[in-house]
Each structure stands twice: as C-alpha cells, then as structure tokens.
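Structure first, commentary second.
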Amino acid sequence: MTEQSLTNGDSRAFFHPITNRLSAPLCQPEPEGGVREAQGASASGHTMQKQHDKASEPHRYRTHTCGQLRKAQVGETVKLSGWVHRVRDHGGLLFIDLRDHYGLTQCVIEPESPEFPLAEQLRAEWVVTVEGQVVARSDDTINPDLPTGEIEIRIGKLEVLSKAAELPLPVFGEPDYPEETRLKYRFLDLRRETLHRNIMKRSQIIASLRQRMIEAGFFEFQTPILTASSPEGARDFLVPARLHPGKFYALPQAPQQFKQLIMIAGFDRYFQIAPCFRDEDARADRSPGEFYQLDIEMSFVTQEDVFEAVEPVLRGVFEEFAEGKRVTAKFPRIPYREAIKKYGTDKPDLRNPIIMEDVSEHFRGSGFKLFANLLDKDARNQVWAIPAPTGGSRAFCDRMNSWAQGEGQPGLGYIFFKDGAGSGPVAKNIGPKRTAALRDQLGLKDGDAVFFAAGNPAKFAEFAGQARTRVGRELNLIDEDQFAFCWIVDFPMFEWDEENKKIDFSHNPFSMPQGGLEALENAKSDTELLDILAYQYDVVCNGVELSSGAIRNHKPEIMYKAFEIAGYDRAVLEQKFGGMLRALQYGAPPHGGIAPGIDRMVMLLCGAQNIREVTLFPMNQQAEDLMMGAPSEVSAAQLRELHIRLNLPKS
RNA sequence: GGGGGUGUAGCUCAGUUGGUUAGAGCGCUGGCCUGUCACGCCAGAGGCCGCGGGUUCGAGUCCCGUCACUCCCGCCA
C-alpha cells in the first residue's frame with residue numbers, strides 16, 4: 001500500500017486547475033490493474049462491486065464510488081451517491097459534478113428527461129443518488145484532469161437524499177474563509193479537498209506508525225484517562241470526583257508514569273497512540289489542551305537501543321509520506337552543548353547549512369575595541385561568527401542589522417567580502433590581516449558576508465540562532481526538499497533557575513544522570529552539578545522538536561538524591577511520586593523511551609503551518625470548540641452533585 | 001497576564017487631505033443559454049463601516065476606550 005498511496009496522495013502533480021480537486025482522488029482504485037485499492041476504499045469498494053455483479057438487486061445507494069468509473073465500464077448502468085459539487089446549467093443541458101470521498105464524476109441530463117425539473121433545482125452540497133448509463137465522452141470533451149474524465153453518467157433517475165441550506169462556507173473552489181467560520185462549520189471545511197486530504201494522510205500516518213511499531217515487537221496498551229494530578233510540568237485539566245467530594249482526577253499530561261509502570265510490570269516493549277492533556281495556552285503548532293504522542297517505552301535498553309528502535313520507524317514513516325523529499329539516512333547525534341555552539345538552539349534546522357564558529361581569537365586585542373574590551377572584561381565572553389554565503393552586499397548586511405535592532409539588540413556587526421578584501425566598519429577596525437584570517441577560518445569568499453554576536457554565549461546564543469535562521473532563509477540557503485533529522489543528546493541533568501536562584505531539573509526528574517549516583521554525590525559545587533549530563537535526548541526534524549526522551553532513573557536512591565539537589569525533600573518526593581517510588585523498590589528493570597509528537601509529524605508531512613490544518617475537530621486559540629460549543633455551562637444540579645460552588649471573577 | 005496584526009455586503013478586498021446616495025469581484029436569488037468542467041450573458045437582493053465614547057458644521061476615514069479573531073512572549077516536567 002505504501003508506495004501506491006503515496007502516488008495517490010500526491011496532490012500537486014495532479015492538481016486539477018479548474019475544480020481544485022485531485023485528479024487522482026483520495027484512495028481510489030486504479031483503473032487498469034485494479035489491485036491498487038488503498039485503505040478505506042477497499043472494503044466498501046469490494047462490497048459494492050460484488051453487489052453489482054449479482055446484478056439483479058443493485059445497492060440502495062451506489063454500485064460504484066465517484067472516483068471509480070473508467071472507459072471499461074462504458075455501457076453499464078450504475079448508481080452513484082454523493083454531494084453536488086458543482087452545477088453547470090446550460091439551459092438545454094445540465095452538468096452535475098458529483099463528489100464523494102473517492103473522487104468526482106460528471107453527470108449530465110437533458111431537458112427531455114423526466115428528472116430534468118428536479119435536476120434544475122439542485123444546489124451545491126445537496127446529497128443525491130444518480131442512476132444512469134456510463135457513456136464515453138467524445139474526444140473533444142474528455143477532461144484529462146479528472147481520473148473519471150473519459151466518461152460521464154447520463155442521468156436516468158435522480159433522487160435527493162438530503163438538501164443543503166445556503167452554505168456559510170463553500171466547498172467548491174476552497175475560497176479563503178475566516179478561521180472562525182471554518183471552525184464553526186468544520187464538517188463543511190472537512191469536505192474541502194485540502195483538509196480532507198490532510199486528515200486522510202494523518203490517518204494513514206498513524207496506521208503506518210502502528211504497523212511499524214507492532215512489526216518492531218512493541219505492544220499497544222491503553223492507559224487511564226482519569227488519573228491523579230501530577231505536581232511537575234504543565235497545568236492539569238481537573239475532573240471533579242463525584243464519589244469523593246473535594247477531590248479531583250486529572251487528565252494525563254502524558255502517560256509518563258504509566259509507561260514506566262508497564263515496564264516495571266514486565267511487559268518489555270510498550271507503545272500507544274496516546275492522547276495527552278495540558279492546560280496551557282495555544283500556539284500555531286500547539287493545540288490548546290490536547291494532542292497525541294507516539295508514546296514508547298522499552299526495558300533493558302541503553303540510549304543507543306532506543307535510537308536503533310525508534311529511528312527506523314521515524315525514517316520509514318517519513319520516507320513513506322515524504323512525497324519524494326529526501327529523509328536523513330542516519331540521524332546524526334549532536335551533543336546539546338555542540339548544538340548550542342553551532343546552531344544557537346537545541347532544535348537546529350539542519351536544512352540550513354550555516355554553522356556558527358567561535359572567532360574570539362581574531363578579536364582579542366584587536367582594533368575593534370567594542371569586542372576586544374568585551375573579551376578582556378570576562379573570560380566567559382566570546383565572539384561568534386554567523387557565516388552568510390552569498391550575503392555579501394551592504395544592503396543585505398544593513399537589513400540584517402536593522403532586523404537585529406528591531407529585536408532589541410544593539411546591532412549586528414558584519415564584514416562582507418568583495419574584490420578580495422573585507423568591507424564594513426568591523427573590517428576597517430581589525431585590519432586586513434585579521435579580516436583575511438577570519439575569512440580563511442570560515443571558508444568564505446568574495447560575495448559572502450559574516451555576522452558577529454558577542455558577549456556571554458549563555459545570553460546571546462538564542463539570538464545568534466535566530467540570526468542564523470534568518471540569514472539562511474533570506475539568502476535561500478535552506479534546502480526545502482528534505483526532512484533533516486538529528487538526535488540531540490547529552491542534555492544537562494540540571495539547570496540554574498534564575499527566578500528562584502536555585503538548581504532545578506532541566507527536563508524530566510525521572511531521567512538517569514550520566515555517571516549515576518556517584519556523579520550526583522561527587523559534584524562539589526553548583527558548577528559541577530550543572531555539568532552533570534543526563535541520558536536525555538530529543539529528536540529534531542527541520543528545526544521542529546518532535547520529541548523528548550530519556551533513559552529513566554530506575555533506582556530510588558538516585559531519585560532521592562536528584563530531588564534533594566533540586567531542593568525537594570524526601571517527604572515531598574514520597575507524597576508526589578509515592579506510587580512510582582514504591583514500584584521502583586520491588587525490582588524495576590532499567591528502561592527508557594521517547595514520545596514523538598504525532599501532530600507535529602503530520603504537520604511536517606502535510607507541509608501545514610498550523611495544527612488546525614491536520615486536526616479533525618480543533619479548538620480555537622481560546623480553547624473553545626466553536627462547533628460543539630465547548631466549554632459550556634452546566635446545570636445547578638450537576639454542580640450540586642459534584643459538591644462544587646462557582647466562585648466567578650467579578651468582571 | 002503582556003505585545004503585534006486584522007476588523008467595511010455571506011466571503012475576499014477597494015474606499016483620496018475628513019465632504020453628496022459606501023464600491024468591485026466571488027457567492028446568493030431570478031431570467032436566458034445543448035458540451036461545460038473556475039461555463040457564459042442579463043437583472044436583482046444584500047451594509048449599525050466590530051461596539052461605545054470623543055473631536056468636528058460634517059467621521060468608514062482623526063483621537064480614546066472596548067470586544068472578537070489571529071500570531072508571538074510568558075507557559076508547555
């Protein structure tokens with residue numbers, strides 16, 4: 001199915017210039033060969049065909065789908081049901097484009113037909129059944145953009161199954177409509193080709209993931225939706241417990257503890273297409289409230305084992321749905337600190353070829369006093385170069401500079417190279433020798449430029465990363481034709497919490513520190529503690545963080561120590577993670593896992609900029625479901641039963 | 001909680017330094033049309049210019065406030 005569904009799912013090459021519909025409709029059987037039945041189509045397709053072959057009693061609604069008929073069926077009497085996509089009324093002749101999930105078929109009727117008066121009344125999105133003969137179109141009326149374009153149905157009988165009121169949102173042509181309208185009438189929006197195709201692709205991606213995981217020896221288990229509130233992380237969604245006045249369930253932010261308990265229970269390899277709930281504000285790539293993860297956990301594994309299990313699944317599913325784009329053959333492993341130094345972020349977009357470098361030595365004691373003084377003042381300070389191949393014009397450099405100022409930076413120093421020399425104020429100040437040395441280190445040539453960020457890298461790395469991204473985009477250096485994966489490894493176990501002036505977990509308190517208990521006990525100072533790494537990793541694709549994962553800490557004594565370092569005493573740990581701690585005391589296998597975000601994978605594979613384009617029934621940014629009217633008020637009786645009294649804000 | 005953008009017909013948008021009766025395209029309704037597939041042609045309906053206040057002889061236009069949507073920051077172990 002895989003290669004073929006790719007072809008069928010490919011939109012652009014087959015995009016119908018006029019109807020905006022795919023010429024190769026979603027999941028339709030191929031005419032010749034006939035084996036090419038994609039999922040979804042097959043079941044009903046087979047049934048229909050069988051019933052048709054029995055001939056005497058045609059199916060109540062259809063003998064074929066709207067994407068199915070070809071020249072081979074010319075002469076047959078068929079029955080199709082679907083939506084009226086478009087009517088073209090020529091007075092003496094009337095065309096109806098009939099649409100269903102599988103495609104589009106043109107039906108035609110003439111005034112002599114007894115059904116003509118009814119046909120004239122048809123409006124967009126009415127649901128109808130059409131019965132009639134398949135006829136070949138004459139050569140000059142064939143529509144080559146439609147898979148069914150060689151035939152049409154001469155309407156014999158016409159039945160209206162369901163009328164449609166005037167549409168708040170047209171399906172045909174997919175004109176731009178406000179998000180609010182699209183969400184309120186989501187069922188109409190979903191009929192549109194683009195969304196319909198995205199949702200189908202999502203379904204196929206999930207089916208593929210599931211199949212790949214099962215083939216790799218993982219078992220799918222369900223974990224509770226009503227569970228206990230967990231102290232760390234995001235805000236919980238709470239559900240009042242009727243049987244326990246004053247107490248609440250929480251929806252799981254992720255099945256994190258459950259999947260570890262599954263390992264401790266001896267099931268060895270777990271996965272789940274897991275819903276996760278976090279009551280945090282939305283972003284374009286983040287649904288408010290709920291999202292899905294491919295949740296994975298494995299026993300008796302090292303970090304390397306997790307990579308070797310997960311990498312083929314991700315690579316495989318991306319290759320399957322990439323529609324020709326290249327997918328990284330072997331995901332490079334980049335230590336966290338190296339990622340920050342080279343890319344200014346822990347989720348680098350490796351399609352961007354720019355790699356930043358430390359060029360402090362070229363500025364130390366140089367005539368460019370601003371940088372030279374910075375380097376003298378504090379040993380931690382550095383100067384980083386952001387090479388900008390082909391960016392060697394004053395106009396571009398100035399544009400970058402004013403962008404930086406708009407970002408609240410003092411500016412963005414630069415040198416651009418032409419006629420064998422470096423130009424710009426920085427080059428003037430450091431002189432030709434240092435300028436040439438810089439150029440050589442960075443491998444730049446005439447027509448290129450380089451930008452500089454200076455100060456304490458901990459403070460400017462993020463901005464430098466943004467500059468790198470911007471340079472890459474503005475200069476068209478980003479190779480859009482690939483999915484570039486990498487593993488980011490060796491995340492620090494702890495980080496400095498500036499707000500509370502203390503050490504805190506940088507990621508997940510359940511991660512195993514590299515070096516184990518010894519490492520935690522041997523660290524003498526905050527600095528040494530902050531240097532401890534964890535078996536904690538991310539997988540990143542095209543600058544999108546798909547997932548975090550870790551080898552878990554399966555030893556209670558390490559857990560106690562780690563929490564102690566982060567400033568939580570024993571009692572807190574026992575109270576908050578009692579179940580987990582208890583489980584660790586009765587024989588826990590070493591284990592680890594990961595949980596790639598499914599919505600983000602689908603977004604990448606659909607080329608969608610917004611998560612609502614790959615979600616069936618999304619909420620808006622205020623976390624409201626405009627179609628169902630959620631959240632909603634509830635009755636006084638419901639509240640009473642739950643022992644809840646509202647205490648609403650005044651305004 | 002904070003910042004940016006947007007808000008004129010069902011939709012996409014135009015609307016001059018503030019000046020008569022607020023326009024276009026698409027859609028909708030009606031009529032005509034026998035080969036269209038973004039069909040074509042003719043006619044018509046459709047507006048609290050997001051809402052409230054202010055400045056002015058006069059506000060779609062200027063000012064203040066507010067609301068809605070969206071993007072971002074905070075937040076997302």
Side-chain angles (χ1 to χ4, degrees), chain A residues 16-21 23 85-99 104-113 116 120 123-124 135 137-146 148-149 152 154 165-185 230-236 252-254 256-257 276-291 406-408 462 491 493-495 497 499 504-511 534 536 545 548 550 562-563 566 568 576-577 595 597 609-610 612 620-622 624 626 651:
Chain A
H16 193 296
I18 298 164
T19 61
N20 273 348
R21 285 198 75 83
S23 56
H85 190 60
R86 184 74 171 157
V87 179
R88 290 176 298 281
D89 186 351
H90 290 237
L93 187 67
L94 192 149
F95 297 99
I96 298 161
D97 289 337
L98 196 64
R99 183 197 74 234
L104 197 66
T105 300
Q106 173 168 287
C107 308
V108 61
I109 188 167
E110 293 174 3
E112 295 72 38
S113 165
F116 192 79
E120 279 188 310
R123 292 292 177 270
V135 296
R137 299 206 208 175
S138 66
D139 285 350
D140 57 325
T141 60
I142 284 175
N143 184 345
D145 299 319
L146 223 53
T148 61
E152 63 193 6
R154 193 150 300 259
E166 189 182 332
L167 300 171
L169 177 78
V171 176
F172 170 77
E174 299 194 37
D176 283 349
Y177 259 62
E179 188 93 42
E180 211 175 338
T181 310
R182 294 181 53 197
L183 291 174
K184 185 169 177 190
Y185 299 96
S230 80
E232 298 290 323
R235 199 177 292 116
D236 284 318
Q253 298 183 20
Q256 178 65 36
Q257 293 190 62
C276 304
F277 306 91
R278 296 177 192 175
D279 187 3
E280 299 293 350
D281 290 345
R283 289 289 182 279
D285 65 347
R286 203 169 82 199
S287 290
E290 53 188 75
F291 60 97
E407 295 290 301
E462 188 186 345
F491 276 85
M493 181 76 190
F494 302 104
E495 67 185 7
D497 177 354
E499 196 181 331
D504 203 354
F505 295 108
S506 76
H507 266 70
N508 186 325
F510 302 119
S511 298
Q536 168 89 42
E545 182 193 316
S548 278
F563 272 79
Y568 302 97
K576 303 294 189 187
F577 300 105
Q609 298 303 308
N610 193 297
R612 292 184 292 271
N620 68 6
Q621 205 184 27
Q622 281 69 244
E624 297 164 304
L626 297 176
S651 66

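FYI, side chains are in, hydrogens and waters are out, and symmetry mates aren't considered; it's all heavy atoms of this structure. Every chain is numbered from 1 and lettered A, B, ... according to where its sequence line falls, protein lines coming before strand lines.
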Got a sec, which residues hit side-chain hydrogen bond (donor to acceptor under 3.5 Å, both in side chains) with [X], two or more places apart in sequence or on another chain?
| X | value |
| --- | --- |
| A/E166 | none |
| A/D176 | none |
| A/Q256 | A/Q260 |

[X] [atom1] to [N] [atom2], straight-line distance once rounded to whole Å:
| X | N | atom1 | atom2 | result |
| --- | --- | --- | --- | --- |
| A/I96 | B/C39 | CD1 | C1' | 15 Å |
| A/K184 | B/G10 | NZ | C1' | 12 Å |
| A/L183 | B/A68 | CG | P | 16 Å |
| A/D285 | B/U70 | CG | C1' | 15 Å |
| A/Q621 | B/C69 | CD | C1' | 9 Å |
| A/E180 | B/G50 | CD | P | 15 Å |

Any N/O pairs under 3.5 Å between the protein and nucleotides 6-9 of chain B? List them or say none.
none

Applying the Watson-Crick and G-U criteria (both distances under 3.5 angstrom) with [ ] for crossing and | for other-strand pairs, one obtains for RNA chain B (((((((..((((.....[...)))).(((((.......))))).....(((((..]....))))))))))))....

[X]: partners by salt bridge (charged side-chain N to carboxylate O under 4.0 Å, His left out), with sequence neighbours left out:
| X | value |
| --- | --- |
| A/D279 | none |
| A/E110 | A/R154 |
| A/E179 | A/R612 |

Please check if atom CD in A/E462 has more than 12 non-hydrogen atoms from other residues, nucleotides or ligands closer than 6.0 Å.
no

When the ring planes of A/Y568 and A/F505 are compared, do they come out parallel, tilted or perpendicular, using 30° and 60° as the limits?
parallel

Using heavy atoms to find the nearest nucleotide of RNA chain B for A/N610 and A/P175 separately, return the residue whose nucleotide is more 5′.
A/P175

Once you apply a heavy-atom cut-off of 4.0 Å, does A/Q622 come out as touching a base, just sugar-phosphate, or nothing?
sugar-phosphate

Hey, is A/D97 close enough to A/R88 for a salt bridge, meaning N to O under 4.0 Å?
yes

Shorter than 3.5 Å, N or O on both sides, protein versus nucleotides 73-76 of chain B: list them out with atom names.
unit_1, atom_1, unit_2, atom_2, d
B/C73, OP2, A/R283, NE, 2.7
B/G74, N7, A/R283, NH2, 2.6
B/G74, O6, A/D281, OD2, 3.4
B/G74, O6, A/R283, NH1, 3.1
B/G74, O6, A/R283, NH2, 3.2
B/G74, N1, A/D281, OD2, 2.6
B/G74, N2, A/D281, OD2, 3.4
B/C75, O2', A/E280, OE1, 2.4
B/C75, O2', A/E280, OE2, 3.0
B/C75, O2, A/R286, NH2, 3.0
B/C75, N3, A/R286, NH1, 3.4
B/C75, N3, A/R286, NH2, 2.9
B/C75, N4, A/R283, NH2, 3.4
B/C76, O2', A/R278, NH1, 3.4
B/C76, O2, A/R286, NH1, 2.7
B/C76, N3, A/R286, NH1, 3.1

Please check: side-chain N/O of A/R182 versus main-chain N/O of A/Y177, any donor-acceptor pairing under 3.5 Å?
no

Nucleotide by nucleotide, 5' to 3', does protein get under 4.0 Å of the base (B), only the sugar-phosphate (S), or neither (-) in nucleotides 27-36 of chain B, counting heavy atoms?
SSSS--BBBB

Taking B/U34 as the reference, what is the distance to B/G40 when you measure between their C1' atoms (whole Å, please)?
13 Å

Can we call the ring centroids of A/F577 and A/F510 under 6.0 Å apart?
yes

Every protein N/O lying under 3.5 Å from an N/O of nucleotides 2-5 of chain B:
none

Sorted by chain and number, sequence neighbours left out, ring-ring contact (aromatic ring centres under 6.0 Å, His included) with A/F491 holds for A/Y336, A/H507

